[in-house]
Amino acid sequence: MAKLLPVDPFDCVVLGATGDLALRKLMPALYHRWRDGQAPESSRIIGGSRTELTSEAYRTLVREKFEEFHSKEAIDEEAWAGFAERIFYAPVNLGEADGGWDKLGGLLDNDEAKRRVFYLALPPGLYGQVCANIVGAGLKTERTSIVLEKPIGSDLESAREINDAVGANFAEHQVFRIDHYLGKETVQNLLILRFANSLFEPVWNANAIDHVQITVAESIGSGGRAGYYDKSGALRDMVQNHLLQLLCLVAMEPPFDVAADTVRDEKIKVLRALRRMTPAMAKEASVRGQYTAGVADGKAVQSYEEELGRASDTETFVALKVFIDNWRWAGAPFYLRTGKRMSARRSEIVIQFKNVAHSIVGPDADRLRPTRLVIRLQPDEGMKLLLMTKEPGPGGLRLRYVPLNLSYAETFTERYPDAYERLLMAVVRGDLGLFMRRDEVEAAWTWVDGVLEAWSKDATDTFNYTAGSDGPAQSVLLLDRDGRRWFDKV
Ligand code: BG6
């Protein structure tokens, strides 16, 4: 039976309460924590946004959206009734100091010892002002935390502005910057895999590892977010945060414990060691793509430009060859790839070890394939270690490449909390380990700004790829030039 870490009673204020994130992810996550008995009885959830609604109407909306995004069957009626009773709502004009904060404040518990969380499910441009308004309305207590959704800015400069504006009202230990990938089970397991097993660490370096591939492929398109997405693109939307966080966890030095700052200190060293992308490198080391019409998830789908309703150069796919300039990784590239409308939803890390030094099976060395560790983050979470084995039976030395297989679904049969459930409870516990520190976000932007600048100077093309494929052909060439290939079929 999963062990629930006790959390203190809390008031969780969700600002942007009628938005997609709040209704699709946050409310369901809070419901599940409530149903599993982790959220204490006296906890409350308070929604705030511009829309005029009563608490009753908001409860109905939360329920409707839960049924739309999840399933009615996932609801335990008794638990839902208890959960719904704890939901309240106040209309607030969030950007205004006198936007109705007093009404929202009136719904909060006066008990200063209670945890108070403000979740800003809002456009980042509002973060600074909203933080000032919370403080101005006297709603900040000693035990108040602020949760910021990504993206924190669209480049280093705007990220700094946001961090400064938030920092003017909240201390760093009160600020929880979400990268929801850090809440995923399999992502957390990277630390355990690497540092709770003695097998890997001695070979976890460029002496033994040929290269690393990190793929986050999605079959969905830009969805209803084309307005935001078109200003962002895959590099800012996915690489700056999720892929770089994965890269850090794979590449960092062993932290001496799992305290928040110990791990974050190690991750930031990796970000600082990333080789800056120069315009001269951009053509060889990066590929941008955009999907055209095709078939994804078995349905005919429009091109990105059709969804957007106009022409655009924004990349919906990016592949990069990245070097980490330190002793551990010198010479071993990390290939990163992410895209929308790809052939399937699949997030995976492939650690490809070097070929054996000498083939004992004679000149027919083609038969030997390199050892690979494939870490599947989603879906079908698990790990495969691909090894050469002798096929049993007569007929000479016949070799076969087979996986040692750890499937989460087969090994861990209980439901485990999803990323947002875990992250929300970590905020309430005040555990910063799963969140990004200010300097980490800024270091990631520093590197991404280099790529953006290289792209702008070099005017690299955005190549088309058909929706439902694995990206543009140039992404295959990125590895082919190095005598390598994406490892897509296990
Ligand atoms: C978000 C991006 O951060 O992550 C989205 O903004 C993307 O564009 C999403 O679809 C992917 O998350 P997940 O958990 O479905 O892999």
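The analysis underlying the following values was restricted to heavy atoms, covering all of them including side chains, and did not include hydrogens, waters or symmetry mates. We count ligands from 1, going down the list as the structure has it; atoms in each ligand are counted the same way.
Closest protein heavy atom to atom 16 (O) of ligand 1: Y181 OH, 2.4 Å. Residue, atom and distance of the protein heavy atom nearest to atom 6 (O) of ligand 1 are D237 OD1, 2.6 Å. At the top of the distance list for atom 12 (O) of ligand 1, counting protein heavy atoms only, stands H180 NE2, 3.1 Å. Closest to atom 15 (O) of ligand 1, if we only count protein heavy atoms, is R345 NH2, 3.4 Å. Protein heavy atom at the shortest distance from atom 10 (O) of ligand 1 is E218 OE2, 2.5 Å.
Considering backbone and side-chain atoms alike, R225 places an N or O below 3.5 Å from some N or O of ligand 1. By the 3.5 Å distance cut-off applied to N or O atoms, Y229 is not counted among the residues near ligand 1.
Interatomic distance, CG of L15 versus CG of L104, reported as 6.5 Å (0.5 Å rounding). Annotation: the span from R63 atom CZ to F83 atom CZ amounts to 11.0 Å, rounded to 0.5 Å.
Looking at L423 and F176, their side chains never come closer than 4.5 Å, going by heavy atoms from C-beta outward.
Under a 4.0 Å criterion applied to the non-hydrogen atoms of K340, ligand 1 contributes the atoms 5 (C), 7 (C), 8 (O), 10 (O). Applying the 4.0 Å criterion to heavy atoms of H242 picks out, from ligand 1, the atoms 1 (C), 3 (O), 4 (O). Taking every non-hydrogen atom of K150 and a distance limit under 4.0 Å, the qualifying atoms of ligand 1 come out as 1 (C), 2 (C), 3 (O), 6 (O). Atoms of ligand 1 lying under 4.0 Å from any heavy atom of K184, numbered from 1 in the order shown and given with element: 13 (P), 14 (O), 16 (O).
Relative to the ring axis of Y291, K340 does not place its NZ or CZ within 45° and under 6.0 Å from the centre. In this structure, R484 fails the cation-pi test against Y335, since its NZ or CZ atom is not both closer than 6.0 Å to the six-membered ring centre and inside 45 degrees of the ring normal.
Y408 and Y416 have perpendicular rings, their planes meeting at more than 60° on a 0 to 90° scale where under 30° would count as parallel. Under the 30°/60° scheme for interplanar angles, the aromatic rings of Y31 and W80 are found to be tilted.
Checking E149, E442, E172 one by one against R177, the salt bridge (Lys or Arg N to Asp or Glu O under 4.0 Å) holds for a single residue, E172.
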